[in-house]
Enquirer: 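Before I ask anything, let me first share the structure, which is written out below as structure tokens.
All heavy atoms count here, side chains included; hydrogens, waters and symmetry mates do not. Because the structure is a prediction, the values reported are computed rather than measured. Protein chains get the first letters and strands the later ones, always in sequence-line order, with residue 1 at the start of each.
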Number of protein chains: 2
Amino acid sequence: MSDDHRAWKDEVYAHVARMGKALASPRRLEILDLLTQGPKSVEQLAGELLASVANTSQHLHQLKSARLVRSHKEGTYVIYQLAGPAVDRLLESVEEAGESLLLELGLARQQYFPDPADKDPVPLDELQSLMASDALYLIDVRPPAEYAAQHLPGAVSVPLPMLAEHFRGWQDDKPVVAYCRGRYCLYARDAVRYLAQQGIAARRTEASIRDWPPGVLATG
Amino acid sequence: MSDDHRAWKDEVYAHVARMGKALASPRRLEILDLLTQGPKSVEQLAGELLASVANTSQHLHQLKSARLVRSHKEGTYVIYQLAGPAVDRLLESVEEAGESLLLELGLARQQYFPDPADKDPVPLDELQSLMASDALYLIDVRPPAEYAAQHLPGAVSVPLPMLAEHFRGWQDDKPVVAYCRGRYCLYARDAVRYLAQQGIAARRTEASIRDWPPGVLATG
DNA sequence: CTGATATTCTCGTGTTCACTTGAATACTTG
DNA sequence: CAAGTATTCAAGTGAACACGAGAATATCAG
């Protein structure tokens with residue numbers, strides 16, 4: 001009887017460990033994080049990762065055999081996307097666990113961003129109340145394709161390269177809040193830094209589409 | 001600037017991947033699952049795993065350097081436990097993702113438990129309403145130490161070896177519900193099967209202490 | 001059909017990992 | 001202090017993995 005139990009447990013945990021293995025590589029984690037923003041082709045992903053297309057393809061293959069992503073073809077491209085909302089939750093859990101348990105992550109932040117101006121992101125609840133009263137100018141500084149896939153309600157698409165043009169002659173007095181992909185994305189930081197140079201007070205938030213239920217998000 | 005971004009992301013995802021690596025081994029997953037039931041010594045864990053103490057100790061060391069567990073000494077024993085509630089949530093997420101994405105897990109269930117009597121566990125909400133109206137005899141069939149660490153309110157400790165003795169001459173007409181460690185634990189199945197042989201109608205539930213907020217659980 | 005492009009496959013190499021075995025290190029207890 | 005026990009360390013072996021480079025496949029446009 002106990003032998004039966006062992007065989008069952010061996011099999012079950014071996015299956016679950018396949019998902020763990022998929023999460024065991026920095027590259028794959030970054031791929032998954034990128035895919036939370038919307039479906040992407042192998043090429044796009046490789047470009048973001050600064051990795052070779054062949055290598056990216058191999059990682060995607062592993063993610064696929066662990067069932068964390070699925071793919072379909074669009075013309076000559078293969079488009080990958082997360083396999084379901086369970087993957088979003090899984091990623092959120094592992095990054096959340098990392099934040100709360102790995103103090104190294106906090107140290108890395110201090111090392112890369114010693115500037116205290118980087119330190120006061122708008123927390124999720126404050127952002128939500130600002131959005132509810134329409135008391136902010138919310139800019140989405142991700143690439144346009146990700147904005148098109150999903151964006152926060154009321155957000156304006158201002159990809160980083162368009163920042164200067166968009167804010168030339170800016171006079172509005174609503175507070176500007178920039179968001180990007182979330183926790184480990186630096187676009188919003190870059191945007192706030194640039195706007196500060198231009199004398200425009202802006203803040204960033206680490207909240208992202210991942211903090212909203214999918215149904216409420218806008219597309220197009 | 002993009003180089004800065006890469007260095008930052010390389011470092012961050014390398015850190016997060018440490019947690020992924022910790023989840024990449026069946027043994028370690030099983031250890032973590034066991035530790036959700038309460039603190040345990042290296043020896044106890046090795047016994048449950050049917051693994052060598054040295055090997056178990058090594059896995060625990062890896063889990064510790066990934067910050068998923070922490071340890072303290074009690075007399076001559078080193079007691080390990082989960083590092084915090086974030087680890088419970090992480091485990092729940094990875095197993096939940098496995099259940100919803102890896103159809104192999106469902107197939108394994110069918111293979112090991114073809115008996116349809118295994119198929120109707122009491123769902124969480126039904127269990128909760130039964131518990132609220134005190135309309136069941138809830139037995140905890142885990143080892144006594146785990147019952148002592150934490151158990152569902154109102155549950156009676158009936159470790160598997162005590163089953164026969166406990167139900168000798170049983171006449172109560174309350175429905176019997178057995179629970180154990182949760183999803184991949186077989187104790188409740190074994191209990192229900194034995195009780196059925198004795199002509200006692202009992203059901204199992206896959207709900208476990210992991211489904212209750214820690215504050216509500218009873219100890220001792 | 002041909003050329004072009006996107007993606008995957010196949011090796012080869014260096015690295016990391018799991019597990020076993022046997023020894024070493026604490027700590028407690030008499 | 002000594003003996004016993006719980007735990008960890010260290011070395012060795014075989015398997016798995018990551019990455020790069022080049023070949024192979026597949027699909028679309030002309």
Side-chain angles (χ1 to χ4, degrees), chain A residues 6-7 9-32 34-35 39-66 68-81 145, chain B residues 6 9-11 13-32 34-35 39-66 68-81 145:
Chain A
R6 261 267 54 83
K9 291 192 176 178
D10 284 347
E11 173 153 0
V12 163
Y13 285 108
H15 283 308
V16 180
R18 287 168 51 199
M19 319 219 82
K21 286 205 211 340
L23 301 175
S25 144
R27 281 265 170 90
R28 285 195 289 274
L29 283 169
E30 191 171 354
I31 289 177
L32 291 172
L34 287 169
L35 289 180
K40 289 183 193 294
S41 72
V42 182
E43 255 202 336
Q44 285 177 295
L45 288 167
E48 292 270 4
L49 295 168
L50 301 184
S52 78
V53 173
N55 183 257
T56 306
S57 170
Q58 290 177 60
H59 281 299
L60 284 166
H61 187 77
Q62 287 188 52
L63 289 172
K64 195 173 176 180
S65 69
L68 292 178
V69 307
R70 54 197 165 88
S71 64
H72 65 276
K73 303 203 65 162
E74 277 182 20
T76 158
Y77 292 91
V78 177
I79 308 292
Y80 284 86
Q81 59 189 299
Chain B
R6 263 266 56 82
K9 291 191 176 178
D10 284 347
E11 172 152 1
Y13 284 109
H15 282 308
V16 179
R18 287 168 50 198
M19 318 219 84
K21 285 206 221 311
L23 301 175
S25 144
R27 281 265 170 91
R28 284 195 291 272
L29 283 169
E30 192 170 354
I31 290 177
L32 291 172
L34 288 169
L35 289 179
K40 288 182 194 297
S41 72
V42 182
E43 255 203 336
Q44 285 177 294
L45 287 167
E48 292 270 3
L49 295 168
L50 301 184
S52 77
V53 174
N55 183 257
T56 306
S57 170
Q58 290 176 59
H59 282 300
L60 285 166
H61 186 77
Q62 286 187 53
L63 289 172
K64 195 173 177 181
S65 68
L68 291 178
V69 308
R70 55 200 166 87
S71 65
H72 66 275
K73 303 204 67 163
E74 275 182 20
T76 158
Y77 292 92
V78 176
I79 307 292
Y80 284 86
Q81 59 187 302

Enquirer: Which one, D/dT27, D/dA18, C/dA18, comes nearest to the side chain of B/His59?
Expert: C/dA18
Enquirer: Decide yes or no for B/Leu45 and B/Leu35: does some side-chain heavy atom of the first lie under 4.5 Å from some side-chain heavy atom of the second?
Expert: yes
Enquirer: Between B/Tyr80 and D/dT8, is there a side-chain N or O to OP1/OP2 distance below 4.0 Å?
Expert: yes
Enquirer: Using atom CG of A/Asn55 as one end and atom P of D/dG20 as the other, report the distance to the nearest whole Å.
Expert: 6 Å
Enquirer: What integer distance in Å separates A/His72:NE2 from D/dA26:C1'?
Expert: 17 Å
Enquirer: Assign each of B/Gln58 and A/Leu60 to its nearest nucleotide of DNA chain C by heavy atoms, then name whichever residue's nucleotide is nearer the 5' end.
Expert: A/Leu60
Enquirer: Quick check on side chain to side chain donor-acceptor pair (under 3.5 Å): which of B/Glu30, B/Arg28, B/Lys64 does B/His59 satisfy it with?
Expert: B/Arg28
Enquirer: Check every strand shown and say whether B/Ala24 touches a base, only sugar-phosphate, or nothing at a heavy-atom separation below 4.0 Å.
Expert: nothing
Enquirer: Checking B/Arg18 side chain against B/Ser65 main chain: does a donor-acceptor pair fall under 3.5 Å?
Expert: yes
Enquirer: From CG of B/Leu50 over to P of C/dT20, roughly how many Å is that when rounded to an integer?
Expert: 12 Å
Enquirer: Separation of A/Glu43 atom CD from D/dA26 atom P, in whole Å?
Expert: 20 Å
Enquirer: Within this structure, what is the NZ-to-P distance between B/Lys21 and D/dA18, rounded to whole angstrom?
Expert: 8 Å
Enquirer: For B/Thr56 and for A/Gln62, find the nucleotide of DNA chain D with the closest heavy atom, then tell me which residue's nucleotide is more 5'.
Expert: B/Thr56
Enquirer: Measure the distance from NZ on A/Lys40 to P on C/dT7 and round it to the nearest whole Å.
Expert: 14 Å
Enquirer: Side-chain contact, heavy-atom cut-off 4.5 Å: B/Leu23 with A/Val16?
Expert: no
Enquirer: Which nucleotide in the set C/dT7, C/dT20, C/dC17 lies at the smallest distance from any side-chain heavy atom of A/Ser41?
Expert: C/dT7
Enquirer: Starting at CG of A/Leu45 and ending at C1' of C/dT7, how long is that distance when rounded to a whole Å?
Expert: 13 Å
Enquirer: Can you figure out which of C/dT7, D/dA18, D/dA6 approaches the side chain of A/Arg28 most closely?
Expert: D/dA18
Enquirer: What integer distance in Å separates A/Leu49:CG from C/dT7:P?
Expert: 14 Å
Enquirer: Taking for each residue the nucleotide of DNA chain D with the nearest heavy atom, is it B/His61 or A/Ser52 whose nucleotide lies nearer the 5' end?
Expert: B/His61
Enquirer: Please pick, from D/dT8, D/dG20, C/dA6, the nucleotide with the shortest atom-to-atom distance to any side-chain atom of A/Thr76.
Expert: C/dA6
Enquirer: With rounding to the nearest 0.5 angstrom, report the NZ to CG distance, B/Lys9 to A/Leu34.
Expert: 6.0 Å
Enquirer: On the nucleotide D/dT8, are OP1 or OP2 found under 4.0 Å from the side-chain N or O atoms that B/Ser57 carries?
Expert: yes
Enquirer: Considering every strand and a 4.0 Å limit on heavy-atom distances, what is the contact class for A/Ala54: base, sugar-phosphate, or nothing?
Expert: base
Enquirer: I want to verify a distance call: between D/dT7, C/dC27, C/dC9, whose nearest atom is closest to the B/Lys73 side chain?
Expert: C/dC27
